[in-house]
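Have a look at the structure below before the remarks.
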Amino acid sequence: MSHRLTASLETCAWGYFDAALPPVLEIASGETVTIETVSGAIAQLPPADAGFHVPVEIHEIHARAERMLPGHILTGPVAIRGALPGMVLQVDILDVSLRQDWGWNIIRPLAGALPEDFDTGRTTIIPLDTDAMSARLSWGLTLPLAPFFGVMGVAPPPGWGRISTIQPRAHGGNLDNKMLGPGATLYLPIFAEGALFSAGDGHAAQGDGEVCVTAIETALTGTFRLTARGDMTLAGPRGETQDDLITMGLHESLDRAAERAVRDMIKWVTERRGLSREDAYMLCSLAADLRITQCVNGTKGVHMVLNKALLDR
């Protein structure tokens with residue numbers, strides 16, 4: 001069975017995850033849900049006479065939504081029947097599509113990978129060609145689009161209370177991992193009954209690192225199959241594509257984040273292939289790639305990528 005969740009004042013939360021937030025939709029494990037999202041504050045909207053399509057609900061959200069913490073506008077949460085703490089939510093990302101023909105990017109002083117290098121803030125509206133799936137940048141470059149959700153997460157542990165969407169943590173959230181596009185699978189540890197999945201922070205294109213704080217931020221529609229897995233346990237997010245395993249280390253230090261990504265890949269390889277930890281460590285050094293996911297959200301991200309074919313031989 002398939003469900004659809006539109007973005008609205010009633011279905012969006014601005015800036016936070018919270019295990020106490022009531023679900024706006026409940027589905028059975030293994031069912032699919034199509035989720036519409038919006039992006040940005042009033043300052044990131046294009047001029048009314050610019051001719052762009054702006055989702056109508058964004059105006060009511062801007063006017064009336066309770067903005068509890070700085071962060072992203074999320075649609076959800078979606079409860080999955082039978083999902084319990086200690087289990088894993090398997091998020092199969094079936095489709096991701098643009099909802100509008102523009103995106104935005106900002107440079108903010110005292111933020112980003114170079115916080116002291118840019119003293120003046122800037123907001124840029126970027127036209128998107130939804131047919132050609134490309135962006136036209138101000139100096140004439142045509143940039144291919146590869147949309148994905150920067151934020152996908154479940155409710156954090158209830159004891160954490162209400163937390164900002166900006167920092168990625170064990171529950172997922174602002175992972176900003178561009179490998180998690182259509183066809184990929186995200187695995188998230190469940191901390192609250194129902195899992196309570198939310199998505200937002202649509203990106204039309206992003207480089208690893210997201211160094212100026214933002215990607216091409218835009219409104220997206222995503223279709224997800226959400227399955228509660230009682231046969232798995234995880235301490236933090238993992239991902240998988242048709243070809244690759246992806247582990248994700250999260251920490252305020254890039255060094256510690258890298259250690260966590262490597263350590264989890266060793267664990268995954270030993271589980272999947274039965275190698276010793278020493279052989280798995282060697283394989284990671286010989287064939288896996290460490291990539292900086294993002295270095296701008298306080299809690300930084302490093303992901304390790306390993307081709308699955310190397311484990312099937």
Side-chain angles (χ1 to χ4, degrees), residues 3-16 24-25 33-78 93 95-108 111 121-152 165-166 174 176 178 181-182 198-206 210 212-224:
H3 306 264
R4 190 172 192 92
L5 184 59
T6 59
S8 69
L9 180 65
E10 291 74 27
T11 62
C12 290
W14 195 336
Y16 65 93
V24 296
L25 175 69
V33 57
T34 297
I35 299 177
E36 297 178 358
T37 67
V38 294
S39 178
I42 292 175
Q44 283 86 54
L45 292 183
D49 59 356
F52 292 113
H53 167 69
V54 178
V56 294
E57 65 271 15
I58 191 71
H59 299 293
E60 185 178 22
I61 292 170
H62 286 165
R64 299 178 56 197
E66 187 176 27
R67 189 174 183 180
M68 299 296 296
L69 293 169
H72 312 84
I73 302 173
L74 303 185
T75 306
V78 176
I93 305 161
D95 186 62
V96 181
S97 60
L98 300 172
R99 291 195 67 210
Q100 60 191 38
D101 56 357
W102 58 279
W104 55 274
N105 177 271
I106 62 172
I107 294 173
R108 193 169 66 243
R122 186 182 78 168
T123 299
T124 303
I125 300 298
I126 302 172
L128 306 179
D129 186 328
T130 57
D131 295 322
M133 289 300 289
S134 63
R136 186 74 169 175
L137 302 186
S138 57
W139 61 93
L141 175 66
T142 298
L143 187 70
L145 302 183
F148 71 99
F149 288 91
V151 175
M152 293 179 286
T165 63
I166 293 175
N174 194 22
D176 284 331
K178 69 178 184 179
S198 298
D201 187 30
H203 292 173
Q206 181 205 290
E210 201 187 24
C212 86
V213 183
T214 49
I216 299 181
E217 311 286 330
T218 194
L220 296 179
T221 298
T223 299
F224 308 92

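Side chains included, hydrogens not; waters and symmetry mates left out as well; all remaining heavy atoms used.
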Q | CZ-OG1 distance between R99 and T130, expressed to the nearest 0.5 angstrom | A | 13.5 Å
Q: Classify the ring geometry between H203 and F148 as parallel (under 30°), tilted (30 to 60°) or perpendicular (over 60°).
A: perpendicular
Q.
Less than 4.5 Å apart, side chain to side chain, heavy atoms only: is that true for T223 and V33?
A. no
Q: Taking all heavy atoms of N174 and all of I166, pick out the closest pair and write down the distance.
A: ND2-O, 2.9 Å
**Q.** With T214, the side-chain hydrogen bond (donor to acceptor under 3.5 Å, both in side chains) member among N105, T124, T123
**A.** N105
Q | Donor-acceptor pair, side chain of T75 and main chain of E36, under 3.5 angstrom | A | yes
Q) Please walk me through it: do V78 and H3 pass side chain to side chain contact (heavy atoms under 4.5 Å, CB included)? A) CA-CA 11 Å; V78 176; H3 306 264; over 6 Å; no
Q.
Nearest 0.5 Å, please: how far is CG in L9 from CD in E57?
A. 11.0 Å
Q: Measure from the side-chain N and O atoms of Q44 to the backbone N and O of I42, and report whether any donor-acceptor pair falls under 3.5 Å.
A: no
**Q.** Closest approach of F52 to P46 (non-hydrogen atoms, all atoms of both residues)
**A.** CD1-CB, 3.7 Å
Q) Looking at V38 and P55, what are the two nearest heavy atoms and their distance? A) CG1-CB, 4.3 Å
Q. In Å and rounded to the nearest 0.5 Å, what is the CG to CZ distance from L74 to F149?
A. 10.5 Å
**Q.** Within 6.0 Å of CZ in R67, more than 12 heavy atoms from elsewhere
**A.** yes
Q. When rounded to the nearest 0.5 angstrom, what distance separates CZ in R64 from CH2 in W14?
A. 14.0 Å
Q) Are any non-hydrogen side-chain atoms of H59 and V54 less than 4.5 angstrom apart? A) yes
**Q.** Distance, nearest 0.5 Å, that separates CE of M133 from CG of L128
**A.** 8.5 Å
**Q.** Side-chain (T11) to main-chain (T6) donor-acceptor, under 3.5 angstrom
**A.** yes
(Q) Between H72 and T37, is there a side-chain heavy-atom distance shorter than 4.5 Å? (A) no
Q: Check L143, T218, I216 against I126 for a side chain to side chain contact (heavy atoms under 4.5 Å, CB included) and give me the one that passes.
A: I216
**Q.** Taking every non-hydrogen atom, the tightest pair across V24 and E10
**A.** CG1-O, 3.6 Å
Q) Where do A215 and A205 come nearest, in terms of heavy atoms and distance? A) CB-O, 3.2 Å
Q. Distance from Y16 atom OH to L69 atom CG, nearest 0.5 Å?
A. 9.0 Å
Q.
Strictly distance-based, threshold 3.5 Å: is any side-chain N or O of Q206 a donor or acceptor partner for the main-chain N or O of D176?
A. yes
**Q.** Where S39 and W104 come nearest, the two heavy atoms and their spacing
**A.** OG-NE1, 3.3 Å
